[in-house]
Every structure is written in C-alpha cells, then in structure tokens.
Amino acid sequence: MDTKVLAEDNPDWLAEATDIVRSGSVVALATETVYGLAGDATNPSAVARIYAAKGRPSKNPLIVHVSGVDMATALGHVNERALSLIGQHWPGPLTIVVPMKESSDLVPAVTAGRGSVALRQPRGALAKLIEHSKTALAAPSANASGHVSPTTAGHVLMDLQGEIPLIIDGGKTKFGVESTIVDLRHDTPAILRPGAISAEELGMEEHKPITNDAAPDAPGMLASHYAPKAAVRLNVLADDLKSGETHLGFGDACRPGALNLSPGGDMVEAATNLFGMLRSLDERGATAIAVAPIPSAGLGATINDRLARAAAPRS
Ligand code: TXA
Ligand code: MG
C-alpha cells in the first residue's frame, strides 16, 4: 500500500482522515506527546489493522482516546478520584486505567480482554479527529512494536511506510515522551508508566521499577522496549567512553561534537529530544550509544525509565 503524507495545515486533512477512520482503516497523527496510530475503537477491522501495522503482540492493550469526560464515562467507571485528576490534567498527557463498563461498545481486542480500559483526552490533531469522527479512537504510539516512539511524521514513515494509508504531518511533538499512565482501579492510585506529567506534579509516588513479570499491570511495560537499533549503555561520562561507542550527552557531560539532550541541563528539553536523538544515532550508523547520567527529578524519572528499557537485554 502507498502511504500518503498530508501536512496538518492542508485544509483537506481532517476530511481525509475522517473518511479513513469511518472506513475502518487507520491514520497516524500527532498528539502533544508522540505520534499515534489511530483507528475506531469500536470497529474490529480497524483495531486488527493497528495491531498488524505495528507488529504488536495481541496481549498488549491500546489506549482509548476520547473527547472528554462524557465519552470517558460511557466506556469506563470513572470515580471521584479519577474525575478530580482528569479535571486537572485533561486534555493532556494523562492516561487513566479504570474498570471497563460492560455496556461499552469497545472491541475486546482494544483492552486485550482485561476488563479495564486506559483512557486519555489528548491535544493536537488526534483530538480534532475524535471530535470530527465522533468516535473513541484506539491509538498506540505510531512506531513498529518495541521501537522508540515517533516524535515526527518522518519517524512514523520510517517505521510504517507501506503499512498504513495516511500520515498527518504536524511537525515535532511538544513533550516527546508518552503520557503518564495512572492505575485508578485500587484505593491508592499507582503510576504504571512514568510519562510527560511527572510524579511530583501528580502528587504521587514514583512508579515501581521495571520488571519482566509474566503479567505486568501495563503489559507494554516489559523491560526491553523503546529501543533503538544500537546497543545502549547508561551513566557514561564523556571521559569513560569505550572504543566504538557514540556519546549522547546531557548538560556539561558531553563529548565535544556529540549530540546533547539538553546543553543547559533542562529536563523538558531533554524529554523532547530523547527519542529523536536515539533515532538520529541509529541513522548515523552508531552501533553502541553511551548516555550521560541524567538526574532523576521531575521528567528525569521518565527519561531514565525509557533509557533503562532501551538498555535492557533484548529478547
Ligand atoms: O502518549 C501516549 O500515551 C501515546 C499517544 C499516542 O497517546 N500512546 C501510547 O500508546 O504510548 P502505547 O500503546 O504505545 O502505550 C500504551 C500503554 C501500554 O504500555 C499498554 O500496555 C498500556 O498503555 N495499557 C493500555 N491499556 C491498558 C489497560 N487496560 N490496562 C493497563 N495498561 C494498559
Ligand atoms: Mg508505544
């Protein structure tokens, strides 16, 4: 299949993307976090196409993107605590996991049959598409399964060219890392995946460290994930590079001439650059990436989580 790319400032994009969604196919487009691969969450063939295009294992459920609280409450049991969190953070990079409503018309494959649903109201082109197509859209990050998430339309094209009919190019995404996923099924809310909203901002404890548990709470969160092609080694100062390694710097810890996640040591900037720089190093043919130490405050926890997964042994 040919993959068409339309700019988000092309006046036809929304009509074309809506036609594709209504026909049960899929479209990649920007959110404020990363690019998503969206399809109608109530249409079995759309959901099957999402899994097939990414090569995603069927046991890894998809986030359902909604236009607000009303659509969310039709799909999941949104309690007081959930309402207060979404009141503060929607639209935005917060995903909540809540018990699914039996009456919801979601395709079972979206939730991988778990009885819980992950819900988020995004910003950006994806938000416009939900409003216009009037349906909840299942949308994982628009990368090949296991790879780092795409923060530009070019990244999507690299991973999914020939697999999907349409990409809407909205430029580089704002946050550059995925949403924070909060599990609200129990008395104490828990962060399942650190993301673009820090634990401090949510007033919650850090997420549990990564595991390769057989039945993790967020099944996509296996240790080896978000990986570039190159091997990755962490906490490496510029003077400690081994031969053949390419440095990825942060702040003052940066080999001269190397890419730097944020020369000024700014966490928000580093998060925005993380996935794009890992991809650029792959493109430049780096076989081993050595990453400078990143402090773990604020978005540093999210950056270190993704780096730990990128560095984990691969299966
Ligand atoms: O920022 C984001 O969250 C992006 C944009 C496109 O919205 N989406 C994204 O989706 O990162 P994805 O599919 O790459 O990651 C979704 C994560 C996976 O780890 C998945 O296992 C978890 O959400 N998840 C989805 N539904 C779940 C559920 N019912 N219970 C627990 N975890 C769930
Ligand atoms: Mg993903």
Side-chain angles (χ1 to χ4, degrees), residues 26-39 41 47 50-51 53-66 75-77 89-101 104 106-127 129-130 136-151 155-156 159-160 168 170 173-186 190-197 207 210-211 213 215-223 225-227 271 275 302 305-306 309-310:
V26 296
V27 50
L29 70 187
T31 77
E32 75 280 51
T33 58
V34 300
Y35 276 72
L37 179 62
V47 173
I50 293 174
Y51 280 97
K54 287 186 54 105
R56 182 174 178 113
S58 60
K59 62 180 189 308
N60 188 0
L62 309 174
I63 295 175
V64 177
H65 295 74
V66 296
L75 304 174
H77 293 281
H89 297 286
W90 277 11
L94 171 74
T95 296
I96 58 167
V97 173
V98 297
M100 192 182 71
K101 277 197 177 154
S104 91
L106 294 174
V107 175
V110 169
T111 58
R114 292 174 75 83
S116 63
V117 60
L119 297 167
R120 159 160 128 82
Q121 182 188 8
R123 288 187 190 272
L126 180 56
L129 185 56
I130 300 165
L137 295 176
S141 51
N143 50 280
S145 183
H147 202 188
V148 289
S149 294
T151 57
H155 296 161
V156 179
D159 277 23
L160 299 181
I168 307 301
T173 60
K174 179 179 174 203
F175 290 103
V177 288
E178 304 85 349
S179 61
T180 303
I181 305 182
V182 176
D183 188 351
L184 289 164
R185 292 171 303 162
H186 311 292
I191 295 182
L192 295 182
R193 177 178 74 180
I197 304 181
H207 72 294
I210 59 175
T211 60
D213 187 321
D217 283 336
M221 302 309 290
L222 298 175
H225 210 76
Y226 304 101
F275 291 145
T302 302
D305 170 83
R306 301 303 188 272
R309 293 173 206 284

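In listed order, ligands and their atoms are each counted from 1.
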Can you find an N/O atom of [X] closer than 3.5 Å to an N/O atom of ligand 1?
{"X": "Thr31", "value": "no"}
{"X": "Glu178", "value": "no"}
{"X": "Arg193", "value": "yes"}

Practice problem: For atom 2 (C) of ligand 1, state which one of Ala196, Ala138, Ser179 supplies the nearest heavy atom. | Solution: Ser179
Quiz item: Heavy-atom distance to atom 5 (C) of ligand 1: which of Thr33, Val177, Leu37, Leu126 wins?
Solution: Thr33
Could you tell me whether ligand 1 has any atom less than 4.0 Å away from a heavy atom of [X]?
{"X": "Pro93", "value": "no"}
{"X": "Thr111", "value": "no"}
{"X": "Arg56", "value": "yes"}

Quiz prompt | Heavy-atom pair with the smallest gap, counting every atom of Ala118 and Thr95 | solution =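 In this case the closest contact between Ala118 and Thr95 is CB-CG2, 3.7 Å.
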Quiz item: What part of Asp183, side chain from CB on, backbone N/CA/C/O, both or neither, has a heavy atom under 4.0 Å from ligand 1?
Solution: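 Asp183 to ligand 1: no contact under 4.0 Å from either part.
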Quiz item: So which bit of Val117 gets within less than 4.0 Å of ligand 1, heavy atoms only: side chain, backbone, both or neither?
Solution: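 Just the backbone.
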Exercise. Mark yes when over 12 heavy atoms from residues, nucleotides or ligands other than Lys101 sit less than 6.0 Å from its NZ; otherwise mark no.
Key: yes
Quiz item: With no hydrogens and no angle check, is any side-chain donor or acceptor of Arg114 less than 3.5 Å from a backbone partner on Met100?
Solution: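 Absent.
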Quiz prompt | For Ile63, atoms of ligand 1 separated by under 4.0 Å from a heavy atom | solution = 3 (O), 8 (N), 9 (C), 10 (O), 16 (C), 23 (O)
Quiz prompt | Test applied, side chain to side chain donor-acceptor pair (under 3.5 Å); reference residue, Thr31; option that passes from Lys174, Arg120, His65, Glu178 | solution = Arg120
